[in-house]
Amino acid sequence: MALCSSCRTWHCVLALFLLSSAAYGQLSPSFYAKSCPTLELTVRATMIKALLAERRMGASLLRLHFHDCFVQGCDGSILLDDVGSFVGEKTAFPNVNSVRGYEVIDQIKRNVELACPGVVSCADITALAARDGVFLLGGPSWAVPLGHRDSTTASLTQANSDLPGPSLNLDQLIAAFAKKQLSPRDLTALSGTHTIGFSQCLNFRDHIYNGTNIDPAFAALRKGACPAQAPNGDTNLAPLDVQTPLLFDNAYYRNLVAKRGLLNSDQVLFNGGSQDALVRQYAANPALFASDLVTAMIKMASLTPPSGTPSQIRRNCRVVNS
Ligand code: HEM
Ligand SMILES: *[C@@H]1O[C@H](CO)[C@@H](O)[C@H](O)[C@H]1NC(C)=O
């Protein structure tokens, strides 16, 4: 860089480093190393407790983090309650009666506040909880990019437009992820998180009754708890992974190859299109899936609001500080 030749004192080098880190590198796994050294331990301990009460919570908090990051970046916007005239994201179609785990985030936040009051953002707590959920259910672990700040706004409109729905086709899924600077490879790796957790009948009814790319025996099995006529059984649950729904493994991809994807948006990843080869690779090679998943999770967790957006460290994840 041309500046280097004119920057010889260590003060000057330091200034350049600080400037560049402000522009690009403000997220770092060690962001709270000095200000809250017990953070990761506190999150882990609270997550272990939550998963002992209900293993599915690992899946639910992973999804909550995804739905946070796809709307205004990872900024805790999804956590804001509708109060007074404030309209948050909780009533958006992909979230309402579906996203769960808000109470666990509250619990982690309370525990973190006891040790390090006013320091750690709700967005970062959510990202760590998602990572721990994956790890505690048997998946990989990784260093989470930290230093996100909490938003003072939320966007119901963006939640409705940018969170992908289960009826999307492959081109639409690729476009929805491209809008967040995520590649088709990221899409296919991140979809592998559907190796844990559950879906309600209303989200897979059309696929099991009308889908053409589905194993008939699997469709019949799922029809048993998902009647054709809405709204009957709308909220009945089925595992996204027919084999091991509470274990974070690569069974999701073997299901797709066997045409046992639960959601239409799952099966389109293996339907004669551009992602078929990658799905086969992930089905055969769990280490490749784990490594691509970690890469994609870190990319997703690095999404930030436009610079200059007002932000704060919320004291209560559900409301903007007064
Ligand atoms: C590719 C586009 C995606 C679509 C269309 C989609 C759609 C869905 C739907 C419809 C459900 C069931 C919700 C319900 O019935 O209440 C679900 C569950 C879930 N999704 Fe996705 N999803 C996508 C990507 C992702 C990503 C990127 C992640 C995480 C990185 C993720 C993690 C999860 C998890 C863990 C569950 C289970 C949640 C639970 O059991 O509480 N999904 N998804
Ligand atoms: C199957 O598709 C038709 C035509 O789009 C639709 O009217 C019907 O509701 C679908 N059936 C189910 C069970 O979703």
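Starting from 1, each residue takes its place in the sequence as its number. Remember, it's 1-based here, ligands and their atoms both numbered in the order they're listed.
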Exercise. Would R205 and D234 count as a salt bridge (charged side-chain N to carboxylate O under 4.0 Å, His left out) if you check the C-alpha gap in whole Å, the side-chain angles of each, and the deciding distance to 0.1 Å?
Worked result: CA-CA 8 Å; R205 179 183 281 123; D234 267 8; 2.8 Å; yes
Seminar exercise, completed: Heavy atoms of A129 and I108 approach each other most closely as CB-CD1, 4.0 Å
What does the N/O contact table under 3.5 Å look like for ligand 2?
residue	atom	partner	partner atom	Å
ligand 2	2 (O)	N210	ND2	2.2
ligand 2	11 (N)	N210	ND2	3.1
ligand 2	14 (O)	D206	OD1	3.4

As a test of reading the model: which N/O atoms of the protein lie under 3.5 Å from N/O atoms of ligand 1, and at what distance?
residue	atom	partner	partner atom	Å
ligand 1	15 (O)	S199	OG	3.4
ligand 1	15 (O)	Q200	N	2.7
ligand 1	15 (O)	N203	ND2	2.7
ligand 1	16 (O)	S98	OG	2.6
ligand 1	16 (O)	Q200	NE2	2.8
ligand 1	20 (N)	H194	NE2	2.9
ligand 1	22 (N)	H194	NE2	3.0
ligand 1	40 (O)	R56	NE	2.7
ligand 1	40 (O)	R56	NH2	3.3
ligand 1	40 (O)	F198	N	2.9
ligand 1	41 (O)	R56	NE	3.2
ligand 1	41 (O)	R56	NH2	3.2
ligand 1	41 (O)	S60	OG	2.6
ligand 1	42 (N)	H194	NE2	2.9
ligand 1	43 (N)	H194	NE2	3.1

Exercise. Checking K223 against F218: charged group under 6.0 Å from the ring centre and within 45 degrees of the axis?
Worked result: no
For this session: Before accepting this row, confirm whether a basic side-chain N of the pair R318/D81 lies closer than 4.0 Å to the acidic partner's carboxylate O.
Result: yes
For this session: If the plane angle is over 60° it's perpendicular, under 30° parallel, otherwise tilted; pick one for Y252 and H194.
Result: perpendicular
For this session: Assert yes or no for the condition that the ring centre distance of F177 to F70 is strictly below 6.0 Å.
Result: yes
Exercise. Does a side-chain N-to-carboxylate-O contact under 4.0 Å join E40 and R131?
Worked result: yes
Exercise. Rounded to the nearest 0.5 Å, how far does CG of L303 lie from CG of L27?
Worked result: 10.0 Å
Exercise. Taking 4.0 angstrom as the limit, do D75 and R149 come out as a salt bridge?
Worked result: no
